[in-house]
Amino acid sequence: MTGPTPLVLMYHGVAQVPRSLDPANIFVTKEAISHQIARLTERHGFRPLTEAQYLAALAGERSVPSNSCLVTFDDGYASVLDEAAPLLAAARVPAICYVSPGLLGAQPDRSEPAASARLDRDGVQALREYGIEIGCHSDLHASMRGMSAERLRAATSVAREEMKALFGHTPRTFAYPYGDHDAAARAAVREAGFECAFATYEGYGRFALPRVDINATDTPFTFDLKLRRLYPFVRRSLGRVPVVRRATHRVVGYAPRQP
Ligand SMILES: [Zn+2]
């Protein structure tokens with residue numbers, strides 16, 4: 001496609017989880033995501049795309065407004081069905097949820113919050129009734145950087161076939177666990193037949209498209225900042241200078257969390 005690709009937001013789970021049980025800040029509250037979706041569409045006028053519309057735009061088959069966006073959820077937590085799906089449907093916002101077929105129905109271990117329970121097969125199917133497409137998040141959610149050719153095949157083409165058998169629908173897109181990828185991982189995803197793949201901040205073409213991570217530390221101010229096209233570049237440069245990043249976070253603020 002020509003011009004900037006649509007902005008892609010990355011969420012994980014939706015629950016009130018104390019910071020001590022969620023050190024990576026991946027759970028946002030229902031209130032937070034509800035306000036963020038309203039802010040995205042009403043205040044900033046973003047136009048959420050379906051997976052099919054996003055892929056058609058990526059392929060240059062249709063043009064989309066420059067304020068188009070795509071909402072994604074990684075990991076397939078049960079809270080995406082219980083909390084996010086109804087509010088997204090009410091706001092008419094489509095989304096993609098990335099699941100790992102080897103982890104369907106997985107329950108949290110002792111160190112994890114109850115909210116990290118994952119959807120089982122029926123739960124994943126139920127998402128589609130809300131207009132949420134299902135994408136592939138590898139077979140078992142291991143980092144794919146430096147993976148052997150055999151493991152890469154299991155994480156991509158075998159996982160894709162398994163999802164087709166489980167859900168009666170072949171996933172069209174892929175998201176790298178932890179956003180980790182290298183040239184071999186990108187090639188494996190392409191050869192498996194996926195039409196594109198999402199990383200986190202670091203974009204590397206169609207098979208490692210950048211996303212912005214929306215997490216528990218976001219305030220309305222940082223959320224707005226992340227909707228700005230320059231954000232990934234700002235973050236990347238700040239990421240190399242931790243002192244500057246800490247200072248910047250002091251200025252832009254963090255959302256308060258239960259300790
Ligand atoms: Zn993940």
Side-chain angles (χ1 to χ4, degrees), residues 8-15 17 19 21-28 32-33 51 54 70-85 88 95-109 111-121 123-124 127 132-147 151-152 154-160 162-163 166-167 171-182 184-186 188-189 192 194 196-204 207-218 226 232 235:
V8 186
L9 303 182
M10 175 181 70
Y11 284 95
H12 286 83
V14 180
V17 176
R19 188 171 51 198
L21 288 175
D22 179 23
N25 300 311
I26 63 173
F27 290 95
V28 300
I33 189 172
E51 180 186 55
Y54 178 86
L70 179 68
V71 177
T72 69
F73 292 83
D74 279 11
D75 298 351
Y77 293 119
S79 59
V80 177
L81 175 64
D82 298 339
E83 308 289 358
L88 290 172
I96 307 175
C97 183
Y98 288 95
V99 305
S100 300
L103 296 177
L104 291 177
Q107 294 301 308
D109 67 28
S111 65
E112 294 172 323
S116 58
R118 301 201 190 216
L119 290 165
D120 61 12
R121 178 178 172 276
V124 171
L127 279 182
I132 297 182
E133 289 295 347
I134 310 305
C136 183
H137 201 31
S138 87
D139 56 344
L140 291 167
H141 203 277
S143 169
M144 290 167 66
R145 195 176 286 149
M147 236 181 205
R151 280 291 295 119
L152 280 177
T156 57
S157 56
V158 176
R160 184 170 181 263
E162 193 178 349
M163 289 177 72
L166 281 164
F167 307 125
R172 298 181 69 182
T173 62
F174 189 93
Y176 298 100
Y178 313 105
D180 290 347
H181 58 90
D182 57 18
R186 295 191 296 273
V189 169
F194 293 103
C196 74
F198 293 107
T200 308
Y201 297 100
E202 303 288 336
Y204 207 94
F207 288 94
L209 292 155
R211 294 184 288 179
V212 294
D213 163 43
I214 308 299
N215 64 55
T217 69
D218 280 308
K226 289 178 175 184
R235 186 192 180 278

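Start at 1 and go down the list; that is how both ligands and their atoms are numbered. Position 1 is the first residue of the sequence; numbering continues from there. Predicted, not measured: the structure shown is a model, and the values here were computed from it.
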(message) If you consider just the N/O/S atoms, which atom of Asp75 is the closest one to the Zn ion (ligand 1)?
(response)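 The closest N, O or S atom of Asp75 to the Zn ion (ligand 1) is OD1.
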
(message) Below 30° counts as parallel, above 60° as perpendicular, anything between as tilted: where do the rings of Tyr178 and His141 land?
(response)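 Correct class here is perpendicular.
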
(request) Would you please classify the geometry between the Tyr98 ring and the Phe198 ring as parallel, tilted or perpendicular, with 30° and 60° separating the classes? (result)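 Ring orientation of Phe198 relative to Tyr98: perpendicular.
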
(message) If only side-chain N and O atoms count, and only distance matters, is there a donor-acceptor pair under 3.5 Å linking Thr200 with Tyr176?
(response)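 On atom types as modelled, these side chains do not qualify, holding no pair under 3.5 Å.
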
(message) Closer than 3.5 angstrom, by distance alone: can the side chain of Thr72 be matched with the main-chain N or O of Leu9 as a donor-acceptor pair?
(response)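 A pair under 3.5 Å: yes.
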
(message) At a threshold of 2.8 Å, where the distance has to be below it, does the Zn ion (ligand 1) have an N, O or S atom of Asp74 nearby?
(response)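 So Asp74 does not count as coordinating the Zn ion (ligand 1).
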
(message) Restricting to N/O/S atoms, is His12 within less than 2.8 Å of the Zn ion (ligand 1) or not?
(response)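 No, since none of the N, O or S atoms of His12 sits under 2.8 Å from the Zn ion (ligand 1).
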
